[in-house]
Amino acid sequence: MKKVFALVDCNNFYVSCERVFNPALEGRAVVVLSNNDGCVIARSEEAKALGIKMGAPAFKMEHEFRKYGVLVYSSNYALYGDMSDRVMQTLEQFTKRLEVYSIDEAFLSLNSSSHEEMTEYGRLIRYIIKKWTGIPVAVGIGPTKTLAKIAGKIGKKNPQLKGVFDIANHPRMDEILNAFPVGDVWGVGPQYEALLKRHGILTALQLKCAQDAWVKKHLTVMGLRTVMELRGVSCFSLEEMPMAKKGIMSSRSFGRPVESLDELKESIATYVAYAAEKLRQQHSAASILHVFLLTNRFKTEEPQYGNSATTILPVPSSYTPDLIRSAQELLEKIYKPGYRYKKTGVFLTEIVPQDRIQTNLLVPDYPHEKNRTLMKMVDHINARWGPDTVRFAAEGMEKEWHMRRNLLSPRFTTQWSEIPIVKIPNS
DNA sequence: TCTGGGGTCCTAGGACCC
DNA sequence: TCTGGGGTCCTAGGACCC
């Protein structure tokens with residue numbers, strides 16, 4: 001049985017999540033801001049129509065937000081993560097052969113059938129997701145992932161297609177690709193788009209017809225794979241099992257400039273705690289720990305400083321207290337007083353499975369069973385009652401440096417007070 | 001006052017070895 | 001004055017994705 005890829009892509013995902021719990025947002029211009037209320041990262045169709053650009057700094061947009069009555073929200077990742085899980089679980093009703101590609105996108109592997117039947121099936125997926133989760137999606141179907149992505153964009157852009165487009169075995173494939181801008185092809189970013197344009201390649205069809213050797217030379221083998229995919233030769237396969245992360249990064253910009261070492265140490269402890277939790281979720285441990293700090297590069301009139309430091313851990317670890325200690329030691333090495341810092345972060349690399357840690361003869365009986373039990377308890381409590389319910393003292397109590405999230409919607413799906421208390425009758 | 005936070009893969013070039 | 005060639009490993013940097 002011939003297979004095709006279906007890309008299911010949530011429309012304006014973060015805005016749609018806010019709308020599910022607040023229907024008054026329907027029909028209104030709504031935007032969601034990045035961490036620290038920095039820039040626009042999601043826009044409703046109404047907001048796009050007002051010309052609000054993706055990535056626009058929020059402080060420069062305030063006038064327009066007020067003028068047009070745009071509703072503005074801080075990002076609420078606890079909510080979006082939960083809604084994403086619901087969408088993905090619903091998609092599993094259609095096929096188990098599914099790749100969760102990002103928080104708002106999934107590739108499905110489907111049995112190919114006639115154009116009419118595929119389109120009908122796409123409409124069913126769209127209908128069920130909307131019905132069960134409240135999230136509107138677009139569905140693009142194609143013989144390769146790259147073509148499915150293109151089909152998805154076309155389905156979104158043309159209202160008469162009602163969010164579903166099947167490009168597989170389309171009789172007018174080349175005509176469609178000729179109307180599709182090369183910069184919108186998956187894998188072609190701004191740099192490659194400019195390069196291609198300089199060489200007269202403006203559309204997906206022209207890229208499809210480009211010479212292999214030229215493409216490989218200028219766009220590397222990845223670019224050549226994209227070209228093959230445009231020709232209908234599948235080079236990017238369905239990755240059903242998420243690969244364990246090779247590096248875990250955790251960093252945030254501060255809500256205000258930070259100068260004191262003590263506060264920087266709190267921030268580092270906080271980011272280590274996040275990263276270590278992710279590490280434990282994938283049952284792994286990290287061998288190398290990087291720490292960095294930066295001043296605000298946009299403030300050109302202030303003295304600038306940035307540095308990083310790295311250490312190899314005696315034994316790969318996911319035990320938060322040990323990682324905090326190492327990270328804070330690294331921070332002390334690179335900290336210089338007299339600067340106004342904007343951001344710190346940690347990066348864990350050389351990640352290995354927890355059950356295959358080579359124990360170090362110099363550090364016997366490590367990690368201690370007690371440590372693992374403690375981490376399990378912490379993770380369990382935070383999963384049940386919400387992030388940061390229990391945390392490490394080193395993370396600080398007030399966290400005055402913490403990022404701004406002044407426009408946050410309620411935690412509709414994780415707030416403990418929303419869970420009804422059910423009295424269990426005595427039997 | 002205010003400009004996000006993660007990730008991936010590939011290539012070139014240097015260090016080092018024989 | 002001349003100063004090969006091939007291999008590996010590592011790092012930095014550049015491109016992309018959402």
Side-chain angles (χ1 to χ4, degrees), chain A residues 7 9-14 31-42 53-63 65 72-77 80-81 84 99-107 145-146 149 152-153 182-196 215-226 235-236 239 242-258 267 270-271 274-275 278 282 288 290 292 294-302 308 310 312 340 342-351 402-407:
Chain A
L7 173 75
D9 189 353
C10 302
N11 298 345
N12 323 321
F13 183 56
Y14 299 166
V31 299
V32 175
L33 304 181
S34 64
N35 276 329
N36 226 17
D37 296 343
C39 41
V40 174
I41 52 168
K53 296 275 179 269
M54 190 76 167
F59 77 94
K60 284 188 183 172
M61 303 296 296
E62 264 167 34
H63 175 71
F65 289 163
V72 184
Y73 287 88
S74 300
S75 39
N76 186 343
Y77 285 103
Y80 310 150
S84 177
E99 172 187 344
V100 177
Y101 177 67
S102 74
I103 194 165
D104 68 341
E105 278 177 60
F107 286 104
K145 281 183 166 180
T146 302
K149 288 281 268 190
K153 283 205 180 183
V182 76
D184 288 352
V185 173
W186 191 41
V188 179
Q191 298 296 319
Y192 286 166
E193 182 185 14
L195 175 88
L196 290 167
V215 171
K216 190 176 175 195
K217 185 177 167 205
H218 291 93
L219 280 66
T220 82
V221 299
M222 295 298 283
L224 186 55
R225 285 182 197 146
T226 295
C235 298
F236 303 118
E239 312 277 349
M243 293 289 286
K245 297 250 191 308
K246 293 174 183 171
I248 294 174
M249 164 115 59
S250 175
S251 89
R252 296 280 184 282
S253 296
F254 301 132
R256 57 154 170 84
V258 171
S267 73
T270 301
Y271 306 146
Y274 282 139
K278 278 195 197 167
Q282 63 172 43
I288 295 185
H290 313 261
F292 66 87
L294 288 173
T295 50
N296 189 345
R297 68 195 158 95
F298 291 103
K299 290 210 169 289
T300 45
E301 73 281 7
E302 289 186 6
S308 66
T310 298
I312 301 171
R340 288 157 64 78
K342 177 64 179 168
K343 186 175 186 176
T344 59
V346 299
F347 189 31
L348 301 170
T349 57
E350 296 296 297
I351 289 170
H402 202 268
M403 64 181 181
R404 283 183 306 277
R405 293 212 292 176
N406 296 333
L407 311 161

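Residue numbering restarts at 1 for every chain, and letters A, B, ... go by the order of the sequence lines.
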Does the pair A:Ile351 and A:Gln282 meet the rule for a side-chain contact (heavy atoms from CB on, under 4.5 Å), with working shown? CA-CA 10 Å; A:Ile351 289 170; A:Gln282 63 172 43; 3.6 Å; yes
Check step by step if side-chain contact (heavy atoms from CB on, under 4.5 Å) holds for A:Lys342 and A:Leu294. CA-CA 6 Å; A:Lys342 177 64 179 168; A:Leu294 288 173; 5.6 Å; no
A:Lys149 and A:Glu105: CA distance, side-chain angles, deciding distance, salt bridge (Lys or Arg N to Asp or Glu O under 4.0 Å) verdict: CA-CA 10 Å; A:Lys149 288 281 268 190; A:Glu105 278 177 60; 2.6 Å; yes
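In this structure, A:Asp9 places its CG atom 10 Å from C1' of C:dC18, rounding to the nearest Å. Distance, A:Tyr192 OH to C:dC17 C1': 13 Å, rounded to whole Å. Distance, A:Met54 CE to C:dC17 C1': 12 Å, rounded to whole Å. Atom CD in A:Glu239 sits about 17 Å away from atom P in C:dC17, given to the nearest Å. Remark: P of C:dC18 and OH of A:Tyr80 are 19 Å apart, rounded to the nearest angstrom.
A:Arg297 CZ: 12 or fewer foreign heavy atoms inside a 6.0 Å radius.
Pair assignment for C:dC17 gives B:dG6, based on Watson-Crick or G-U wobble hydrogen-bonding distances that are each under 3.5 Å.
The P atoms of C:dC17 and B:dT3 are separated by 25 Å, rounded to the nearest whole Å. Separation of the P atoms belonging to C:dC18 and B:dC2 is 31 Å when rounded to the nearest angstrom.
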Nucleotide-resolved protein contact map, nucleotides 2-11 of chain B, B/S/- at heavy-atom distance under 4.0 Å: BBBSSSSSSS
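Between A:Tyr14 and A:Tyr77, the ring centre distance stays below 6.0 Å.
A:Arg405 contributes no side-chain N or O that, together with a main-chain N or O of A:Asn35, makes up a donor-acceptor pair within less than 3.5 Å.
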